[in-house]
Amino acid sequence: MKQFRGLLKWILVLSVFFACKSQKDLSGSKETPSIGKEIPKRTDRQFPEKPLPKTPINLQPLSFELPEMPREFRGVWIATVVNIDWPEAGTDSWEKQKRDFVTLLDHYKKMNFNAVIVQVRTAGDAFYPSRHAPWSRYLTGKEGTAPNTIENPLTWMINQAHERGLEFHAWLNPYRATFDDKTSLLSQDHDFNLHRDWMLKYGPKYYYNPGLPEVREKFIAVIDELVNNYDLDAVHFDDYFYPYKIGNQIFPDQKTFNQYKKPGQTIDDWRRENVNLLIQAVHQTIKKSKPWVQFGISPFGVWRNQDKDPKGSPTRAGQTNYDDLYADPLTWMKNGWIDYLIPQLYWSMDYELASYRKLNDWWSINNFGTHIYIGNGPYKIRDNADKAWDNPGKSTIRSITPVHFRPFKEIHFSLQSPSSAKIRM
């Protein structure tokens with residue numbers, strides 16, 4: 001111990017010695033100035049001076065461009081209708097809803113997603129203060145009742161996403177007016193009560209009549225309000241246009257068709273034109289206000305079967321965009337009305353009726369210069385008629401498999417939230 005103390009003493013002495021020596025060398029003086037004492041300026045060293053030219057120098061700009069960096073889109077849908085993904089319940093406190101939303105964002109951020117597609121209009125309602133729709137009961141427990149907070153929920157959600165480097169795509173359903181036939185739960189400010197003549201009942205739900213110009217104008221007002229008031233990265237629609245067909249039921253828009261059809265126009269072509277007019281108008285509304293905000297749509301995975309159209313895909317889907325939902329994504333892409341398309345391919349690689357592999361190739365070819373991403377639904381694995389899921393050698397875990405598209409440099413994929421297993425959104 002005595003030897004250690006002696007060694008420590010010498011270490012301290014040497015430390016003081018070198019510290020003093022460093023001060024002496026750095027100061028250039030034999031005397032270390034005290035605190036507050038002015039240090040004399042050096043005059044013993046002259047620096048060379050170079051005279052400036054009489055005429056200015058013409059500097060040529062660098063002809064260098066940064067290479068285009070590959071960009072990935074890794075998005076996840078967050079469904080709010082009937083509280084599928086968030087919030088857990090409309091009756092939860094706003095503070096709990098915030099904690100749950102942050103948990104979702106942190107989870108997907110940790111999984112390396114870079115965008116959230118959040119449903120902000122489910123059925124004629126709104127998850128934000130709106131002049132055109134009542135507060136959603138899926139957020140507040142009772143439709144038309146504001147949340148118990150001074151915060152704007154949508155502004156808060158967007159900020160939370162952006163703080164984590166996540167894009168925020170606002171997801172809306174344009175034509176669905178109610179999720180069921182429980183109209184007594186609707187606010188008096190819901191369009192069902194304000195404009196009953198806009199509503200068509202089909203199955204257990206009410207829909208906005210897509211053939212009415214007033215309906216289109218109302219929805220454009222909804223988009224305009226949303227885009228102008230919020231820092232959105234994109235506006236997003238899913239696969240619901242005209243409703244999926246129900247056996248032995250006819251969508252009751254014959255009267256509207258007779259009123260607005262063009263000479264020689266079939267009802268199918270008229271319905272597709274109604275949807276096209278909406279898509280075009282939404283695109284124009286967004287770009288007029290904020291050209292940088294994207295407009296994207298995630299349609300059903302099959303445009304048309306090949307037996308109906310040689311340009312269609314080698315599939316035998318029971319319903320298709322063009323023939324049953326009256327949605328024509330190829331027209332939207334040809335006209336540049338959308339920035340990206342996410343066809344929903346919720347089947348296995350070699351599903352007999354609609355092969356993921358074949359549809360992936362078909363959409364990658366039929367892109368018309370539009371960014372194509374693929375929508376994957378892990379919740380569909382072994383939860384539908386696709387028996388290929390029973391054979392691991394013929395299926396694929398699509399949620400973690402990026403899809404490579406020949407026309408683009410990017411790797412694109414998106415993921416359907418796994419909690420959406422039982423209910424179509």
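Side-chain atoms are counted along with the backbone in the values below, which use heavy atoms only and exclude waters and symmetry mates.
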Engineer: Between Y340 and F73, does the ring centre distance come in under 6.0 Å?
Structural biologist: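 Yes, ring centres under 6.0 Å apart.
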Engineer: Under a plain distance cut-off of 3.5 Å, with no hydrogens placed, do N305 and T315 share a side-chain donor-acceptor pair?
Structural biologist: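 Result is yes, a qualifying pair exists.
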Engineer: Between the main-chain N or O of Y128 and the side-chain N or O of Y230, is there a donor-acceptor pair closer than 3.5 Å?
Structural biologist: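 It does not hold such a pair.
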Engineer: When you measure from the side chain of E88 to the backbone N and O of Q97, does any donor-acceptor pair fall under 3.5 Å?
Structural biologist: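 Such a contact is absent between E88 side chain and Q97 backbone.
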Engineer: What pairs with R304 under side chain to side chain donor-acceptor pair (under 3.5 Å), at least two apart in sequence or on another chain?
Structural biologist: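 Residues passing side chain to side chain donor-acceptor pair (under 3.5 Å) with R304: D309, D323.
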Engineer: When you check the gap from the basic side-chain N to the acidic O, do D269 and R272 get nearer than 4.0 Å?
Structural biologist: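 Looking at D269 and R272, the cut-off is met.
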Engineer: Assess whether side-chain hydrogen bond (donor to acceptor under 3.5 Å, both in side chains) is satisfied between N228 and S289, documenting all intermediate values.
Structural biologist: CA-CA 7 Å; N228 279 289; S289 300; 3.3 Å; yes
Engineer: Do the ring centers of F295 and F237 come within less than 6.0 Å of each other?
Structural biologist: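 Judged by ring-centre distance (under 6.0 Å), F295 and F237 do meet the cut-off.
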Engineer: Kindly confirm or rule out a cation-pi arrangement of K205 over F179, judged by NZ or CZ under 6.0 Å from the six-membered ring centre and within 45° of its axis?
Structural biologist: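 Because its charged atom sits under 6.0 Å from the ring centre and within 45° of the axis, K205 does stack over F179.
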Engineer: Indicate yes or no for a side-chain donor-acceptor contact from S355 to the backbone of M349 under 3.5 Å, with no hydrogens or angles considered.
Structural biologist: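 Flag set: sc S355 to bb M349 pair under 3.5 Å.
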Engineer: Taking the side chain as every heavy atom from C-beta outward, state whether Q119 and N173 have any pair of such atoms under 4.5 Å apart.
Structural biologist: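 Yes. Closest side-chain heavy atoms under 4.5 Å.
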Engineer: For H190 and A177, indicate whether the former's side chain and the latter's backbone hold a donor-acceptor pair under 3.5 Å.
Structural biologist: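 A pair under 3.5 Å: yes.
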Engineer: Between K218 and D191, does the salt bridge (Lys or Arg N to Asp or Glu O under 4.0 Å) criterion hold? Intermediate values first, please.
Structural biologist: CA-CA 10 Å; K218 173 63 182 284; D191 284 329; 2.7 Å; yes
Engineer: Has N148 got more than 12 heavy atoms of other residues, nucleotides or ligands less than 6.0 Å from its CG?
Structural biologist: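 No, the 6.0 Å shell around CG holds no more than 12 heavy atoms from other groups.
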Engineer: Would you kindly say whether H169 and E167 are connected by a side-chain donor-acceptor distance under 3.5 Å?
Structural biologist: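 Side chains of H169 and E167: pair found under 3.5 Å.
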Engineer: Are the side chains of T256 and W270 in touch, meaning some heavy atoms are under 4.5 Å apart?
Structural biologist: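 Yes - at least one pair of side-chain heavy atoms lies under 4.5 Å apart.
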Engineer: Would you check if there is a donor-acceptor pair between the side chains of N367 and T370 at a distance under 3.5 Å?
Structural biologist: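 No, no side-chain donor-acceptor contact under 3.5 Å.
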Engineer: Can the positive tip of R196 be found less than 6.0 Å from the middle of the six-membered ring of F192, inside 45° of the ring normal?
Structural biologist: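 Pair R196/F192 counts as cation-pi.
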Engineer: Side chains of H283 and N335: do they bring a donor and an acceptor to under 3.5 Å?
Structural biologist: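 No, no side-chain donor-acceptor contact under 3.5 Å.
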Engineer: Mind running side-chain hydrogen bond (donor to acceptor under 3.5 Å, both in side chains) on S136 and E143 for me, showing each step along the way?
Structural biologist: CA-CA 5 Å; S136 174; E143 188 168 285; 5.8 Å; no
Engineer: Inspect the contact between D100 and K96 and indicate whether a charged nitrogen and a carboxylate oxygen are less than 4.0 angstrom apart.
Structural biologist: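 Result for this pair is yes, salt bridge flagged.
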Engineer: In sequence, state the C-alpha distance, the side-chain angles, and the governing distance for N366 and W303, and then conclude on side-chain hydrogen bond (donor to acceptor under 3.5 Å, both in side chains).
Structural biologist: CA-CA 10 Å; N366 293 279; W303 172 67; over 6 Å; no
Engineer: Under the side-chain hydrogen bond (donor to acceptor under 3.5 Å, both in side chains) criterion, do N209 and D253 qualify, and how do the steps go?
Structural biologist: CA-CA 7 Å; N209 186 344; D253 60 349; over 6 Å; no
Engineer: Would you check if there is a donor-acceptor pair between the side chains of D268 and Y322 at a distance under 3.5 Å?
Structural biologist: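 Distance-only check fails for Y322 and D268.
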Engineer: Are F368 and W363 close enough that their ring centers fall under 6.0 Å?
Structural biologist: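 Between W363 and F368, which both carry aromatic rings, the centre distance is not below 6.0 Å.
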Engineer: With no hydrogens and no angle check, do the side chains of Y326 and N321 hold a donor and an acceptor under 3.5 Å apart?
Structural biologist: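 Short answer, no.
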Engineer: Quick check against the 3.5 Å criterion: does D386 have a side-chain atom that pairs as donor or acceptor with the backbone of Y351?
Structural biologist: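 Between the backbone of Y351 and the side chain of D386 there is no qualifying donor-acceptor contact (under 3.5 Å).
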Engineer: Does the plane of the ring in W156 sit parallel, tilted or perpendicular to the ring in F101? Use 30° and 60° as the thresholds.
Structural biologist: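 The arrangement is tilted - the two ring planes meet at 30° to 60°.
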Engineer: Does R176 make a cation-pi contact with Y208 (under 6.0 Å, within 45 degrees of the axis)?
Structural biologist: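 Pair R176/Y208 does not count as cation-pi.
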Engineer: Between D324 and K245, does any NZ, NE, NH1 or NH2 come within less than 4.0 Å of an OD or OE carboxylate oxygen?
Structural biologist: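 Yes, this pair counts.
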Engineer: Does E352, at its CD atom, have more than 12 non-hydrogen atoms belonging to other residues, nucleotides or ligands within less than 6.0 Å?
Structural biologist: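 It does not: E352 CD has 12 such atoms or fewer within range.
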Engineer: Looking at R357 and D350, is any side-chain nitrogen of the basic one under 4.0 Å from a carboxylate oxygen of the acidic one?
Structural biologist: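 Salt bridge flag = yes for R357 with D350.
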Engineer: Is it true that D339 and K287 have a side-chain N and a carboxylate O under 4.0 angstrom from each other?
Structural biologist: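 Yes, this pair counts.
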Engineer: Please check if atom NZ in K290 has more than 12 non-hydrogen atoms from other residues, nucleotides or ligands closer than 6.0 Å.
Structural biologist: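 More than 12 within 6.0 Å, yes.
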Engineer: Counting only N and O atoms by type, is there a donor-acceptor contact under 3.5 Å from the side chain of N276 to the main-chain atoms of N274?
Structural biologist: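 No, the answer is negative, given that no donor and acceptor are paired below the 3.5 Å cut-off.
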Engineer: Run the ring-centre check on F241 versus W332 and record whether the distance is less than 6.0 Å.
Structural biologist: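 So the answer is yes for these two rings.
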Engineer: Could you tell me whether Y240 and Y175 have their ring centroids closer than 6.0 angstrom?
Structural biologist: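 Ring centres of Y175 and Y240 not closer than 6.0 Å.
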Engineer: Please check if any side-chain donor atom of D224 sits under 3.5 Å from a side-chain acceptor atom of T285, or the reverse.
Structural biologist: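 There is no such pair (donor and acceptor under 3.5 Å, judged by atom type) between the side chains of D224 and T285.
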